Number of protein chains: 2
Amino acid sequence: MTVTETATERLVRIGEVARGAGVSVRAVRYYEQQGLLVAERSPSGQRLYRQDAISRVRFFQQMFAAGLTSRRITELMPCWDAGHTDADQRAMLRAERDRIQAKIDDLQAARDRLDEVIAITDNHP
Amino acid sequence: MTVTETATERLVRIGEVARGAGVSVRAVRYYEQQGLLVAERSPSGQRLYRQDAISRVRFFQQMFAAGLTSRRITELMPCWDAGHTDADQRAMLRAERDRIQAKIDDLQAARDRLDEVIAITDNHP
DNA sequence: CTTGCCCCTGACGTCAACGTCAGCTTTTAG
DNA sequence: CTAAAAGCTGACGTTGACGTCAGGGGCAAG
């Protein structure tokens with residue numbers, strides 16, 4: 001079943017990727033510079049991406065929002081691209097997951113503090 | 001009942017505040033520079049804090065962790081210090097609360113993404 | 001042809017909460 | 001009394017994900 005699929009995939013330029021993912025063109029270039037995203041080049045030197053680049057960029061944004069650095073993301077990319085992982089990567093995945101969970105707990109505590117203040121100030125106009 | 005309470009409150013120096021709150025001395029000075037914390041001065045110029053400075057610093061940390069800037073915190077301090085607030089402040093409180101909640105949602109989504117990957121990679125060793 | 005739009009490569013600027021170093025004074029422990 | 005510990009005031013350095021500016025190319029429409 002795994003045939004060498006050379007079915008001329010439609011390639012898009014950087015502007016379309018940026019608009020599609022809701023980020024700046026500068027950001028997309030930055031991702032490539034960090035090794036997060038690879039692009040072919042047109043004869044004139046323009047970057048050409050496969051459409052899945054858009055969802056990848058969205059994913060990067062989500063991970064950035066969760067506090068992962070681009071370095072960490074590059075280290076963990078093999079976990080998606082290949083379904084394959086070694087022990088180190090699995091450990092890193094869990095570490096990041098736990099870090100995110102801890103952050104969630106902190107934020108909920110902070111939110112509750114603000115809710116208290118809001119409740120009080122609403123009673124003291 | 002509201003007597004001018006001059007009951008010689010025990011004052012502490014910056015080191016004790018820092019250790020008590022689990023931050024660096026530099027951080028405490030920074031908070032003063034940003035207008036978050038006020039300190040008396042000893043004749044020789046050393047900062048003297050009331051003990052509640054420690055819990056205040058802890059609170060700052062919590063707000064920082066929630067993504068508030070020192071500027072925002074200064075703007076919202078009156079909501080604690082006095083029980084008094086104006087409309088702008090109440091609006092800002094709610095805005096920050098909602099921002100935090102949105103961040104929580106983002107983090108939970110990110111965590112779930114990682115959980116998926118973890119589940120998959122655990123089945124493909 | 002030229003106008004406009006998109007793309008390219010550097011490379012410096014930004015922002016926030018501190019870290020760190022220098023050089024000096026004060027307080028404390030023995 | 002003396003040395004270590006703690007404080008003080010500048011002031012520059014750090015980190016990450018971009019923003020922004022300079023200077024230049026290429027290509028389709030009018």
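Quick caveat: nothing in here was measured; it's all calculated off a predicted structure. Letters go in sequence order (proteins before strands), and every chain restarts at 1.
- Panel note: side chain B:Gln108, backbone B:Asp105; no donor-acceptor pair is recorded below 3.5 Å.
- Contact between the side-chain N/O atoms of B:Tyr30 and the OP1/OP2 oxygens of C:dA17 is found at a separation under 4.0 Å.
- The environment of CZ in A:Arg99 is crowded: more than 12 heavy-atom neighbours from other residues, nucleotides or ligands sit within 6.0 Å.
- Side chain B:Arg26 to base C:dT20: a donor-acceptor pair is found below 3.5 Å.
- In this structure, B:Arg29 places its CZ atom 9 Å from C1' of D:dA6, rounding to the nearest Å.
- A donor-acceptor pair under 3.5 Å is absent between the side-chain atoms of A:Glu116 and the main chain of A:Arg113, judged by distance alone.
- Summarising the geometry, the separation between CG on B:Leu48 and P on D:dA6 is reported as 16 Å, rounded to the nearest angstrom.
- Per the geometry, CD belonging to A:Gln33 stands 13 Å off P belonging to C:dC8, to the nearest Å.
- If you take CD of A:Glu32 and C1' of D:dC18, they are 15 Å apart, rounded to a whole angstrom.
- Interatomic distance, B:Phe60 CZ to B:Tyr30 OH, rounded to the nearest 0.5 Å: 12.0 Å.
- Side-chain contact between A:Leu93 and B:Thr121: present, with at least one pair of heavy atoms (C-beta onward) separated by less than 4.5 Å.
- A residue-by-residue look at A:Val28 and B:Arg19 shows that B:Arg19 has its nearest nucleotide of DNA chain D further toward the 5' end.
- Following rounding to the nearest Å, B:Glu40 (CD) and D:dC8 (P) show an atom-to-atom distance of 14 Å.
- In this entry the distance linking CD1 of A:Ile14 with P of C:dC6 reads 13 Å, nearest Å.
- Electrostatic pairing of B:Glu96 and B:Arg90 does not count as a salt bridge here, judged by no charged N lying under 4.0 Å from a carboxylate O.
- Put simply, CG on A:Leu36 is 13 Å from P on D:dG16, counting in whole angstrom units.
- Aromatic pair B:Tyr31/B:Phe64: centroids less than 6.0 angstrom apart.
- At least one side-chain heavy atom of B:Ile118 sits under 4.5 Å from a side-chain heavy atom of A:Arg94.
- Side-chain atoms of A:Ser70 lie closest to D:dA17 of the nucleotides D:dC8, C:dC18, D:dA17.
- Dashed line: the shortest gap from a side-chain N or O of A:Tyr31 to OP1 or OP2 of D:dC18 is under 4.0 Å.
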Can you pull every protein N or O that's under 3.5 Å from an N or O on nucleotides 27-30 of chain C?
| unit_1 | atom_1 | unit_2 | atom_2 | d |
| --- | --- | --- | --- | --- |
| C:dT27 | OP1 | B:Ser44 | OG | 3.0 |

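- One finds a side-chain N or O of B:Ser24 lying less than 4.0 angstrom from the OP1 or OP2 phosphate oxygen of C:dG19.
- A:Arg47 has its CZ atom 10 Å from the P atom of C:dC7, to the nearest Å.
- Dashed line: the shortest gap from a side-chain N or O of B:Arg41 to OP1 or OP2 of D:dT9 is under 4.0 Å.
- Residue B:Arg50 places its CZ atom among 12 or fewer non-hydrogen atoms of other residues, nucleotides or ligands, all under 6.0 Å distant.
- Of the N and O atoms on the side chains of B:Gln51 and B:Arg10, not one donor lies less than 3.5 Å from an acceptor on the other residue.
- DNA chain D lies under 4.0 Å from at least one heavy atom of each of the following residues of residues 59-67 of chain A: A:Gln61, A:Phe64.
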